[in-house]
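Along the sequence shown, residues are numbered consecutively beginning with 1.
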Amino acid sequence: MASPKEATVIVLDVGVNSDEPIADGVKTTALEASIKCISRMLQSKLFTESKDEFALVLVGAEDTQNRLNEMAEDSYLNIKMESDLKLVNWQILDSLAELKRATSHRGDVFEGLKVAVDIIQFDEESSKKKRFAKRRVILFSNLHGTLNASSSQISAFAKTIHACGINMIQLIGVDLEEAKQSELIQLKSSKASKGKSVSPTAAISELFASLEALSDDKVLESVESYSFRDAMSYANYFASRQVRPTPWNGCLELGETLKVPVVIYARVKESKLKQTWKKSVIGDSTKEFKDVISYFVQDGLVRQEVPKEEIGDAYRYGTTLVPYSAEDKAEMKFTGTGKCLKVVGFALASKVKPHLYVGDDVKIVTAPMLDDSAQTAVSALAHALHEEKMVIICKYGYNKSSSPKLVSLSPHLCERANGAFEGFYMHFLPFEDDLRLYTFAPLLDGKAKDTYQPNDEELAAVGDLIDQLTVSKDDDDGYFDQLNPKNVRNPYLQRLFNSLQYRAVHPNDSLPELDPNVLSQMTMPAELAIRSEAARDKVKKVFELKKIEKPKFKKNLIADGTEPSTEGVDGLTDQMETLVTANVLGIDNTVSKVGTVSPVEDFTALTTGADDHTFEKAIQMAINVAKDLIYSFDGQVYADKVLRLISVMRERSVERNSPTTFNQYLKTFKAEVLENKLDIVWSKLVERKITLIQQEEAKTSSVTKAEAREFLTTTKVEKIITQQNGSKKVDDDDMIDEMFG
């Protein structure tokens, strides 16, 4: 059996004629257009890790290197086999990149096609088996070179192509149909008498006509020709990775006794990158290295590494970490379902709404191809459900170790194939845990129902807009095909592949701008926008939008049981709104300590209107919280929160002309941060210019302006030990307790 891969031989015309522009008024030459198309084709195969093999033949090359020339030295001149059949690699792409300009020779594209067919034929004869499921030959040329072949030779070569099992032959550079319509060639005049040469365009046209006449037995599936313009527009996109369909074989179980054999295939599945980002050595990606992960425990200011054998998995259950061994994980796996597709019941299709579909794929369910009884049962069930407008609800298990899934089977009758396919689409359904329930304010809000009912003018405006923007398969404008998912490629993947291939070939250049053709697929066509402009303007007029400024409240947190102000917009201040929300949620709004969840807000609330004793107490609590966040957790993660707290502490100390406690703490903070090598924390503190409170800011300060400036520039300090009252170690659970306790 042939391997499920393709063999493609690319014949590239690099002769002097390939230096001609592809069209009048266009600077791009035939060689440049060909290299772009070929490069993109090969890069797509490379990135998708395709198993297809490619060979490259140059026509009009400076030297001669091919097997047919070795057997007939006077023929097949200036034809070089640049690469034999092999998997795509960067060496082939590099050889294409080196083809900067055309040669001074004119090659024979007819002989180049013969060399291409010989490469495939010789490869399979040498291996003594059919290595490929598909064989393809692609010629890139503007056909302005030479072609020495008679009609009899062309006819004989067409039979050779057919006998060798070539499935597809394509010409890129000249659309033969357009050429005939523009009277560049005439088939009647192109057919020469036996033994007489014809022009390259006429000869290739005759070859294609002969091949089409031989394609009745479906060995030769496609004989096509495209202009450079059409080929380059398609070359802007990378082809997606082709995935071989893998069936799921099982039974649709309706009770204990009725089981219908079915097969399941993935119909739609989100395309994702086959690999994740890897790490490499900058400047030399060939060097290999391994990631080494170390674990540490933090005990105050001491960080100690934990041996790998003492590390195990655990799951947080409430405030407790529950350890789980490998044996526990194995026993925990769901084994009560097994491989199955069991019917739970039937439901009206109108009750299983599309917004309930979950998962990243849609599967298709049908009967095995050679099982007549199963096909009859599936067909009967699909037709009955279609007539009753119902779906099947099933329990689905992919294999014996899979957790169960809830799915719906919607009947699908393929009318385009005249009933050739009858089956079901499988959609995954959510469990209660997957649902997200939201409560919205009522739209009417005590107003009359007619307030939000559209009038005739508004209905007509929206209806006209829908009509103008509706795309239909029956229209001749092509918008339906343009928006068809089959023709729209993922712009993220296209940009990624474009950037990767460019970086691989040009390691030192800046990445190019985003190709506008990539985003144009998801943009309203210009003609459609012009056509609907009047309708859109009408909608804007009848549904006039007014900008409503959001009322701004000054946030005043309440402390010490003081009464909130009643001044504000519509008689409701932010303080009252906060109280209402707190009462609804059952939360005590009074702040009594500085916590780890929102320390800045807590400190602000406690120090607003506080006396000196309360202020000193609050600042000590803030210092303890800052220390806990930096040293009990990962200081790098909580750096921003701690520095915001320190900044507010500084502001309040300046306002109260009480700098001593803050300055003493900041010196200690600096010493401990530098000692523990928390460089990110220190750099952020310097960046925000959080320094000591100097005399110009607070009269009672003993710090000069120069000393405050020097504090941020020097890293040589002596640690100052202070007595911290009430310091205690906290963990993540304390944060949760503070939020909901």
Side-chain angles (χ1 to χ4, degrees), residues 8-42 44 54-61 78-80 82 96-97 99-117 136-149 154 157-158 161 166 168-187 190 198-212 222-237:
T8 302
V9 181
I10 298 173
V11 181
L12 173 60
D13 189 352
V14 297
V16 64
N17 53 284
S18 65
D19 204 25
E20 301 173 5
I22 60 175
D24 294 337
V26 178
K27 294 182 179 180
T28 305
T29 65
L31 180 61
E32 292 171 344
S34 299
I35 291 176
K36 178 179 178 180
C37 294
I38 298 171
S39 298
R40 188 55 54 86
M41 181 193 309
L42 299 182
S44 295
F54 284 78
L56 178 62
V57 176
L58 303 181
V59 176
N78 299 109
I79 298 176
K80 180 182 179 182
E82 183 70 25
L96 277 172
L99 296 174
K100 301 295 185 182
R101 55 190 309 172
T103 67
S104 57
H105 303 279
R106 287 185 183 271
D108 190 327
V109 293
F110 184 74
E111 290 184 343
L113 290 173
K114 284 188 174 182
V115 171
V117 173
R136 184 166 61 160
V137 176
I138 308 177
L139 170 62
F140 286 84
S141 175
N142 57 7
L143 299 183
H144 291 175
T146 59
L147 192 150
N148 299 314
I154 293 172
F157 182 52
I161 292 175
I166 305 298
M168 181 183 296
I169 185 165
Q170 294 175 315
L171 166 65
I172 307 297
V174 179
D175 188 331
L176 296 178
E177 290 297 325
E178 287 185 1
K180 284 187 287 186
Q181 292 174 6
S182 61
E183 298 182 353
L184 292 178
I185 69 170
Q186 295 291 336
L187 285 179
S190 69
V198 296
S199 69
T201 306
I204 295 298
S205 180
E206 183 177 346
L207 173 64
F208 276 33
S210 300
L211 289 171
E212 289 174 351
S222 176
V223 181
E224 301 170 334
S225 62
Y226 302 94
S227 66
F228 279 124
R229 182 185 63 253
D230 294 336
M232 288 180 68
S233 63
Y234 182 78
N236 285 325
Y237 309 106

| From L211 atom CG to I161 atom CD1, the distance as rounded to the nearest 0.5 Å | 4.5 Å

| said: Using only atom types and a distance under 3.5 Å, with no angle test, would you say the side chain of T103 pairs donor to acceptor with the backbone of V14? | reply: yes

| Stepwise, does the side-chain contact (heavy atoms from CB on, under 4.5 Å) test hold for K36 with T28? | CA-CA 11 Å; K36 178 179 178 180; T28 305; over 6 Å; no

| field | Whether S210 side chain and E206 backbone form a donor-acceptor pair below 3.5 Å | value | yes

| task | Would you please name every residue forming a side chain to side chain contact (heavy atoms under 4.5 Å, CB included) with T29, sequence neighbours left out? | result | D19, L31, E32

| task | Could you go through the side-chain contact (heavy atoms from CB on, under 4.5 Å) check for L12 and E82 one step at a time? | result | CA-CA 10 Å; L12 173 60; E82 183 70 25; over 6 Å; no

| remark: Tightest non-hydrogen contact, residues V26 and I22, listed as CG1-CG1, 3.9 Å

| Atom pair CD/CD1 of Q170 and I138 - distance to nearest 0.5 Å | 5.0 Å

| message | With rounding to the nearest 0.5 angstrom, report the OG1 to NE2 distance, T146 to H105. | response | 12.0 Å

| Would a distance-only check, ignoring hydrogens and angles, find a side-chain to backbone donor-acceptor pair under 3.5 Å from S18 to A102? | no

| query | In Å and rounded to the nearest 0.5 Å, what is the CG to CG distance from N17 to N142? | reply | 5.0 Å

| query | Got L139 and V137 here, is their nearest side-chain heavy-atom distance under 4.5 Å? | reply | no

| message | Looking at every non-hydrogen atom in both residues, tell me the closest pair between I79 and D108 and how far apart they are. | response | CD1-O, 4.1 Å

| field | Straight-line distance of F140 CZ to I38 CD1, nearest 0.5 Å | value | 4.5 Å

| Side-chain touch L207/L113, heavy atoms, less than 4.5 angstrom | yes

| Non-hydrogen atoms of R106 and H144 that approach each other most closely | NH1-O, 2.9 Å

| Between CG on residue D13 and CG on residue L143, distance to nearest 0.5 Å | 8.0 Å

| request: State, to 0.1 Å, how close V9 and A116 come at their nearest heavy-atom pair, and which atoms those are. | output: CG1-CB, 3.4 Å

| said: Could you report the tightest heavy-atom contact between S225 and V174, atom names first, then the distance? | reply: CB-O, 3.4 Å

| task | Mind listing the closest non-hydrogen atom pair of L99 and I35 along with its distance? | result | O-CD1, 3.2 Å

